[in-house]
Enquirer: 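Here it is, the structure, as structure tokens.
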Amino acid sequence: MDQIIVRGNGPLNGEIPIAGAKNACLALMPATLLTDQPLTLTNAPRLSDIRTMTALLQSLGAEVASLQGGQVLALSSHDLDNHTADYEIVRKMRASILVLGPMLARHGHAIVSLPGGCAIGARPVDLHLKALEAMGAELDLRDGYVHAKAPAGGLKGAVIEFPLVSVGATENALMAATLARGTTVIRNAAREPEIVDLAHCLRRMGAGIEGEGSSTITVEGVRVLGGATHPVVTDRIELGTYMLAPAICGGEVECLGGRIDLLAAFCEKLDEAGIDVTETDRGLKVARKNGPIRAVDVVTEPFPGFPTDLQAQMMALLCTAEGTSVLEERIFENRFMHAPELARMGAQIDVHGGHATVKGVGKLRGAPVMATDLRASVSLILAGLAAEGETTVSRVYHLDRGYEKVVRKLRGVGADIERIKETPRHE
């Protein structure tokens, strides 16, 4: 396994290009299952999760070609020969469940393993299943698989009211509804930019969708969908992560492709903490204001609130703020696993249930630390950039699921960072 070595090296200056959104691309790719026409995605991120979704779609009989160094994905599902999403692939990533709705809508049946992924909470798929049941699907859970069958004549339009906001369940319901007979109304729908991006792609394919970006989405089912070419939206989580680099280290960095509307609540917290964010013709420019970082309180919420996927990175910043900050995690349980690792670097963090109290310290110290999940891994890198001495981050395979070329991008703005092969220990 690889390690990343980070040495605190002062302010960062320059520009960082922001990739297409992983979470958007992972929902867009299964949309190919809705049509026998080609779907082309541009601005695709080059990540291990994308490779996992590629392998899953190929196992179903879809054709997926990676072009232009992986930044363009050409997909075709004109001749699917398998309707079972196998555990050996699905267990690697929770987003695998997103093949269920499209397969059921177009082919009338599907068998999909219950998914796996990061160990940051249960994240059950019951909301996905209830949405499909409302559209007439017959579901049977046995041997770790969802066996799904549409009624004669296919799925039918329905009113789907989610008891709580779920991005994945909204995506599955939205895709399934495009080919259902009649009108589907999705209430308490997720409002994330990734949902809006999926709706725009589906509309390009011929779907009748209104209301994306609001809590109520209306879908008029159509008989068939066609092909399309669609650019993947900017990754707001990668954007927020790299915006925190100059915030925690000093300096000025321009994040190319960034937009404030993707991260309005996050940008408000940066302003409160003493960070300037300025829109430019090319993206967002980020720099510290005069004076130290100020403590702020953060509550994670569904979009348009503060993203749970930026909570760990924000905690790294607040470890060196003046005063005491409180972070409340309302989306996932078990999402403070990075706190003990930050404490190894001298941070003062007290975790009680869904709350973490962070008392700012003058300086973090480099230390050997271990990544526990995707966002935790990059929070430790950010902390290492601001720490005295050397920080060694182990288990960085998590990082490859959500960040492409992180070492190259940070080196490009002056960071002292390298990736090395971990030396095996001999007993």
Side-chain angles (χ1 to χ4, degrees), residues 12-29 40-50 66-73 167 191-201 204 212-213 228-249 251-271 275-287 303-304 306-307 309-310 313-314 374-375 378 381-382 385 399-415 417:
L12 305 176
N13 291 282
E15 55 189 40
I16 298 177
I18 306 301
K22 171 181 84 90
N23 290 339
C25 197
L26 289 176
L28 292 165
M29 291 174 72
T40 302
L41 302 177
T42 62
N43 195 37
R46 293 162 287 190
L47 303 167
S48 62
D49 273 10
I50 302 302
S66 180
L67 309 173
Q68 297 183 23
Q71 289 188 297
V72 174
L73 297 173
V167 174
R191 299 164 59 187
E192 272 73 0
E194 294 80 11
I195 299 289
V196 175
D197 199 41
L198 176 60
H200 287 175
C201 179
R204 282 189 167 108
E212 71 276 6
T229 297
H230 178 80
V232 180
V233 70
T234 295
D235 192 323
R236 62 195 173 98
I237 305 304
E238 186 187 52
L239 171 62
T241 298
Y242 288 124
M243 289 170 70
L244 284 167
I248 199 168
C249 295
E252 182 177 89
V253 170
E254 187 171 14
C255 296
L256 306 181
R259 304 192 331 246
I260 283 180
D261 66 292
L262 296 174
L263 285 174
F266 173 75
C267 290
E268 287 173 11
K269 285 299 174 183
L270 288 189
D271 180 64
I275 309 299
D276 261 328
V277 179
T278 308
E279 282 194 288
T280 71
D281 292 340
R282 305 171 72 211
L284 297 179
K285 192 169 285 186
V286 185
F303 190 85
F306 191 100
D309 279 349
L310 285 172
Q313 301 92 305
M314 191 70 176
L374 168 56
R375 306 307 173 185
V378 82
I381 291 173
L382 289 173
L385 291 172
L399 197 69
D400 299 329
R401 292 186 49 235
Y403 294 91
E404 66 171 53
K405 305 187 187 310
V406 64
V407 170
R408 181 188 297 182
K409 289 184 178 184
L410 288 172
R411 270 187 180 169
V413 292
I417 180 172

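Reckoned from all heavy atoms, side chains included, excluding hydrogens, waters and symmetry mates. Quantities reported herein were computed from a predicted structural model and do not represent experimental measurements.
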Enquirer: Can you sort out the partners of Asp400 under salt bridge (Lys or Arg N to Asp or Glu O under 4.0 Å), two or more places apart, ordered by chain and number?
Expert: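 Checked Asp400 against salt bridge (Lys or Arg N to Asp or Glu O under 4.0 Å); matches are Arg419.
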Enquirer: What pairs of donor and acceptor atoms, side-chain ones from residues 251-260 against any protein atom, are under 3.5 angstrom apart with sequence neighbours left out?
Expert:
unit_1 : atom_1 : unit_2 : atom_2 : d
Glu254 : OE2    : Thr280 : OG1    : 2.6
Arg259 : NE     : Asp261 : OD1    : 2.9
Arg259 : NH2    : Asp261 : OD2    : 3.0

Enquirer: Can you tell me how far the CG atom of Leu385 sits from the CG atom of Leu244, to the nearest 0.5 Å?
Expert: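 Reported value, rounded in 0.5 Å steps: 11.0 Å.
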Enquirer: Supply the atom-to-atom distance Ile16 CD1 to Leu410 CG, rounded to the nearest 0.5 angstrom.
Expert: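 Rounded to the nearest 0.5 Å, the CD1-CG separation comes to 5.5 Å.
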Enquirer: Drop me the distance from Thr241's OG1 to Asp235's CG, to the nearest 0.5 angstrom.
Expert: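 Nearest 0.5 Å value for the OG1-CG distance: 8.0 Å.
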Enquirer: Determine whether Tyr242 and Val378 make a side-chain contact, defined as any pair of heavy atoms from C-beta on separated by less than 4.5 Å.
Expert: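 Answer no - side chains too far apart.
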Enquirer: Quick test of your reading of the model: are Glu194 and Arg236 salt-bridged, counting only N-O distances below 4.0 Å?
Expert: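 Between Arg236 and Glu194 there is a salt bridge, with a charged N closer than 4.0 Å to a carboxylate O.
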Enquirer: Show the nearest heavy-atom pair for residues Leu12 and Ala415, with the distance to one decimal.
Expert: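 Nearest pair, atom of Leu12 first, then Ala415: CD2-N, 3.6 Å.
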Enquirer: Would Glu238 and Lys409 satisfy salt bridge (charged side-chain N to carboxylate O under 4.0 Å, His left out), going step by step from the backbone distance to the final call?
Expert: CA-CA 11 Å; Glu238 186 187 52; Lys409 289 184 178 184; 3.0 Å; yes
Enquirer: Test of understanding: with ring pair (Phe, Tyr, Trp, His ring centres under 6.0 Å), list the residues that count as partners of Phe306, not counting sequence neighbours.
Expert: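 So Phe306 forms a ring pair (Phe, Tyr, Trp, His ring centres under 6.0 Å) with Phe266.
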Enquirer: So, do Leu73 and Leu67 sit near enough that their side-chain heavy atoms are less than 4.5 Å apart?
Expert: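 Heavy-atom side-chain distance check fails, nothing below 4.5 Å.
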Enquirer: Residues in salt bridge (Lys or Arg N to Asp or Glu O under 4.0 Å) with Asp276, at least two apart?
Expert: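 For Asp276 there are no salt bridge (Lys or Arg N to Asp or Glu O under 4.0 Å) partners, ignoring immediate neighbours.
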Enquirer: Nearest 0.5 Å please: distance from the CD1 atom of Ile381 over to the CD1 atom of Ile248.
Expert: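 Rounded to the nearest 0.5 Å, the CD1-CD1 separation comes to 12.0 Å.
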Enquirer: Going through the distances and angles, do Cys201 and Val232 end up as a side-chain contact (heavy atoms from CB on, under 4.5 Å)?
Expert: CA-CA 9 Å; Cys201 179; Val232 180; over 6 Å; no
Enquirer: Between Gln71 (side chain) and Asn43 (backbone), is there a donor-acceptor pair under 3.5 Å?
Expert: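 Between the backbone of Asn43 and the side chain of Gln71 there is no qualifying donor-acceptor contact (under 3.5 Å).
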Enquirer: Roughly how far, to the nearest 0.5 Å, is SG of Cys25 from CG of Leu41?
Expert: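 Output value for this atom pair is 5.5 Å.
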Enquirer: Please enumerate all residues that pass side-chain contact (heavy atoms from CB on, under 4.5 Å) together with Pro304, with sequence neighbours excluded.
Expert: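 For Pro304, the residues satisfying side-chain contact (heavy atoms from CB on, under 4.5 Å) (neighbours in sequence not counted) are Arg191.
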Enquirer: If you measure from the Lys or Arg side-chain nitrogens to the Asp or Glu carboxylate oxygens, is any gap between Lys22 and Glu404 under 4.0 Å?
Expert: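 Answer for the salt bridge query: no.
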Enquirer: Show, in sequence, the C-alpha distance, side-chain angles and deciding distance for Gln313 and Leu310, and conclude whether the side-chain contact (heavy atoms from CB on, under 4.5 Å) test is met.
Expert: CA-CA 5 Å; Gln313 301 92 305; Leu310 285 172; 3.5 Å; yes
Enquirer: Before you tell me yes or no, could you show the steps for Val167 and Ile195 under side-chain contact (heavy atoms from CB on, under 4.5 Å), namely the whole-Å CA-CA distance, both residues' side-chain angles and the distance that decides it to 0.1 Å?
Expert: CA-CA 7 Å; Val167 174; Ile195 299 289; 4.0 Å; yes
Enquirer: Quick one, Asn13 and Val413 - any side-chain contact, counting heavy atoms below 4.5 Å?
Expert: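 They are not in side-chain contact.
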Enquirer: Evaluate the criterion side-chain contact (heavy atoms from CB on, under 4.5 Å) for residue pair Thr40 and Val72; output intermediate values, then yes/no.
Expert: CA-CA 7 Å; Thr40 302; Val72 174; 3.8 Å; yes
Enquirer: So, taking the atom named OG1 in Thr234 and the one named CD1 in Ile18, what distance separates them when rounded to the nearest 0.5 Å?
Expert: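 So the gap between those two atoms works out to 8.0 Å.
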Enquirer: How close do Tyr403 and Ile237 get, heavy atom to heavy atom, and via which atoms?
Expert: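 Of all heavy-atom pairs spanning Tyr403 and Ile237, the closest is OH-CG2, 4.0 Å.
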Enquirer: Between Asp197 (side chain only) and Val233 (backbone N and O only), is there a donor and an acceptor less than 3.5 Å apart?
Expert: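 Yes.
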Enquirer: Does any non-hydrogen side-chain atom of Asp271 lie less than 4.5 Å from one of Val277?
Expert: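 Sidechains of Asp271 and Val277: no contact.
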Enquirer: Who pairs with Val196 by side-chain contact (heavy atoms from CB on, under 4.5 Å), at least two apart in sequence or on another chain?
Expert: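 Only His200, Glu212 meet the side-chain contact (heavy atoms from CB on, under 4.5 Å) criterion with Val196.
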Enquirer: Search all heavy atoms of Ala247 against all heavy atoms of Ile275 and return the closest pair with its distance.
Expert: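 In terms of heavy atoms, the two residues are closest at CB-CD1, 3.6 Å.
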